[in-house]
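What follows is a single structure, written as structure tokens, with notes after it.
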Amino acid sequence: MEEEIRATRLAKVEQLKQLGLNPYAYRWESTHHAAELQEKYADLSSGEEVDEEAAIAGRILARRVFGKLAFFTLQDETGIIQLYLDKNKISAGMADLPDAFTHLKQLTDVGDILGVKGTIKRTEKGELSIYVSQYAILTKSLLPLPDKWHGLTDVAKRYRQRYVDLIVNPQVRETFRRRAQITAAIRRYLERQGFIEIETPVLQAEPGGAEARPFITYHNTLEMELYLRIATELHLKRLIVGGFEKVFELGRIFRNEGVSSRHNPEFTTIEVYQAYADYNDMMALTENLVAAVTQEVLGTLKVSYQGETIDLTPPWRRGTMHDLVKEATGLDFTEFKTLAEAKTAAEKVGIEELAGCESIGKVLNEAFEQKVESTLMQPTFVVDYPVEISPLAKPHRQKAGLVERFELFVCGREIANSFSELTDPIEQRQRLEAQAARKAAGDLEAHGVDEDFLTALEYGMPPTGGLGIGIDRLVMLLTDCASIRDAIAFPLLKSASSFIKAFDYNASSQTLRIEFDDGSIYDYQEVPDNVAQGLKSDTSAGQYFNAHIKDKYGFDKVK
RNA sequence: GGGUGACUAGCGCAACGGUAGCGCAUCGGACUCUUAAUCCGCUGGUUCUGGGUUCGAAUCCCAGGUCACCCA
């Protein structure tokens with residue numbers, strides 16, 4: 001059916017060409033946008049006309065055609081406006097094109113991009129309209145839009161075909177407009193404070209600055225493996241060493257992790273570094289930045305998120321990790337002398353998965369994550385973290401075993417992370433080497449020592465406060481999105497599966513060539529005879545492939 | 001990684017072991033104030049994929065895929 005609709009519309013493309021019209025025009029000059037006209041003529045009463053010329057362009061969202069009169073609903077970026085299409089007026093306005101009105105009726109479809117010129121008129125039924133005298137079909141659409149009443153509700157399709165989602169769901173456009181306002185407001189705020197944005201490399205020989213699995217890629221002519229950055233931290237700190245005092249970068253980082261409603265493998269963060277500042281300064285900066293941006297974008301500090309009202313008016317609550325855990329569980333982690341003691345006490349109050357915790361600090365962190373995190377709805381600064389989970393933070397100036405670090409939680413989610421940055425190159429080396437040892441022992445989230453970063457620290461980094469904010473999560477909060485996928489225009493999705501169309505086995509080279517229905521061809525190497533025979537004899541080649549070949553043999557993509 | 005559920009026409013949905021249907025859109029016709037226009041008529045299907053059970057499968061079973069939600 002879709003093919004038939006497409007064929008019909010392609011035929012209309014031909015008809016337009018034969019009329020000497022270009023179904024894929026070059027440009028159009030508008031004088032107004034829909035929302036602008038709706039606002040300007042809000043007080044125009046029904047049945048009244050204004051003799052003001054307006055030119056506008058947009059997508060046809062609905063068509064209501066009568067014999068010699070038609071109403072179209074046109075949508076541009078700002079909103080919708082009705083077109084009042086009267087045969088007599090169009091015939092007069094487009095005398096050089098005979099039957100212009102009939103062509104409009106017969107050759108346009110919902111989805112086409114149309115430009116019109118005319119005057120302003122509010123119809124007798126009260127709908128503000130453009131009383132069209134001339135039109136041009138600017139782009140012919142070949143594919144049907146979703147049902148005008150039910151719209152597009154299939155979540156997967158909304159993400160895979162975001163352009164359709166944007167066409168039919170105006171609130172989605174509003175989300176991404178607001179996202180742009182948020183990032184622009186953040187940059188403006190920081191620039192007003194004297195920060196400058198410097199871009200640091202995405203491709204790195206040694207990823208660092210966070211504990212996460214990286215994506216691996218390969219540079220052909222240099223013949224080296226490279227990693228996509230998992231944080232911008234280490235390079236921004238090099239800039240502080242270099243003499244910049246206030247730097248930031250708002251950009252994409254990549255972590256090779258699972259996908260969920262809260263995680264996308266590529267996501268946006270901002271990291272901010274300020275020389276001669278500590279985490280107290282960064283706490284003030286965080287509060288002021290988020291409040292200023294929220295006020296600017298939303299016009300209020302009381303944000304509605306998933307039915308809950310979040311009040312971002314500073315100052316925000318502050319509590320140490322120890323106090324918050326004590327409050328939630330009754331456990332005072334300052335009293336534990338041994339790891340075993342801490343684990344036993346934690347297990348008693350229902351904290352699980354403690355097997356991998358090799359220090360009291362990690363047990364404390366588990367307790368926090370399991371019992372406290374999700375309860376922090378209103379903005380809360382959690383301060384003073386165990387050193388074991390904070391390899392880049394400076395030791396606390398009063399409390400032994402802790403570092404000067406805070407995280408900001410809103411709606412049970414971490415939004416920001418900040419420390420008084422570690423500037424002692426010797427201690428930094430020890431912490432990175434400890435991590436490198438874990439990497440050697442098989443921890444995929446640990447990384448090797450970035451020697452160049454340590455060299456930079458040895459030249460001397462001034463005392464520095466650092467701050468990272470998860471932009472996607474902040475956008476979710478300020479746009480009331482339940483899923484991170486609603487806050488990212490094109491979230492990563494698994495590719496739709498493909499089926500085996502044909503296969504061929506070369507016994508002498510042990511190469512199994514498989515052709516998929518999408519046209520791609522792969523050669524699987526070193527596939528034993530019996531496996532290839534199994535593929536041939538199994539009732540379902542696809543099923544056999546998934547179970548016995550996919551992920552089990554190396555392959556080359558032939559096509 | 002584990003659990004639960006969903007997947008049927010372009011879109012939204014029904015049929016729950018016995019002829020795959022409805023609304024909108026599409027296509028043809030009528031119509032100069034509609035806005036889910038209306039009226040008349042006609043189309044359109046690999047029921048996610050592959051197996052199995054059965055005289056017969058959208059429906060039951062097995063495996064796989066994608067998505068959503070929950071848990072880790």
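- Ion pairing between a basic and an acidic side chain is recognised when a charged N comes within 4.0 Å of a carboxylate O; A:E77 and A:R177 show such pairing.
- Separation of the P atoms belonging to B:G21 and B:A15 is 15 Å when rounded to the nearest angstrom.
- Looking at A:D76, its side chain does come within 3.5 Å of a backbone N or O of A:G79 through a donor-acceptor pair.
- Comparing the P positions of B:U38 and B:A25 gives an interatomic distance of 7 Å, to the nearest angstrom.
- Note on A:N88: a base of the nucleic acid sits closer than 4.0 angstrom, heavy atoms only.
- Using a 4.0 Å heavy-atom cutoff across all strands shown, A:K87 reaches no nucleic acid atom at all.
- When the P atom is used for both B:G18 and B:U59, the distance is 11 Å, rounded to whole Å.
- Using a 4.0 Å heavy-atom distance criterion, A:T123 is classed as a base contact.
- Side-chain atoms of A:D443 never come within 3.5 Å of backbone atoms of A:R438 as a donor-acceptor pair (strictly under, hydrogens ignored).
- Rounding to whole angstrom units, CZ of residue A:F72 and C1' of B:C33 are separated by 15 Å.
- The pair A:E4-A:R6 does not meet the salt-bridge criterion, since no charged nitrogen lies less than 4.0 angstrom from a carboxylate oxygen.
- Not a single donor-acceptor pair, N or O on each side, falls under 3.5 Å between the base of B:C67 and the side chain of A:Y159.
- Taking atom C1' in both B:G56 and B:U19, the straight-line distance is 12 Å, to the nearest Å.
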With both pairing distances under 3.5 angstrom for Watson-Crick or G-U wobble, and | for a partner in another strand, the correct string for RNA chain B is (((((((..((((....[..))))..((((.......))))......(((((..]....)))))))))))).
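- Heavy atoms of A:K89 sit nowhere under 4.0 angstrom from any nucleic acid atom.
- Under 3.5 Å, the side chains of A:K89 and A:T119 contain a donor-acceptor pair of N or O atoms.
- B:G12 sits 25 Å from B:A57 when the C1' atoms are compared, rounded to a whole Å.
- On the P atoms, B:A36 is 47 Å away from B:G3, given to the nearest whole Å.
- Between B:C33, B:U35, B:C27, one nucleotide has an atom nearer to the side chain of A:T8 than all others, and that is B:C27.
- Between the P atoms of B:C7 and B:A14, the separation comes to 8 Å (whole Å).
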Pairs under 3.5 Å (N/O, protein and nucleotides 20-23 of chain B):
| unit_1 | atom_1 | unit_2 | atom_2 | d |
| --- | --- | --- | --- | --- |
| B:G23 | N2 | A:D147 | OD2 | 2.9 |

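- Taking A:E39 as the reference, nothing meets the salt bridge (Lys or Arg N to Asp or Glu O under 4.0 Å) condition, with sequence neighbours excluded.
- Summarising the geometry, the separation between CZ on A:F71 and P on B:A36 is reported as 13 Å, rounded to the nearest angstrom.
- Among the protein residues, A:V65 comes within range of the nucleic acid bases, having at least one heavy atom under 4.0 Å from a base atom.
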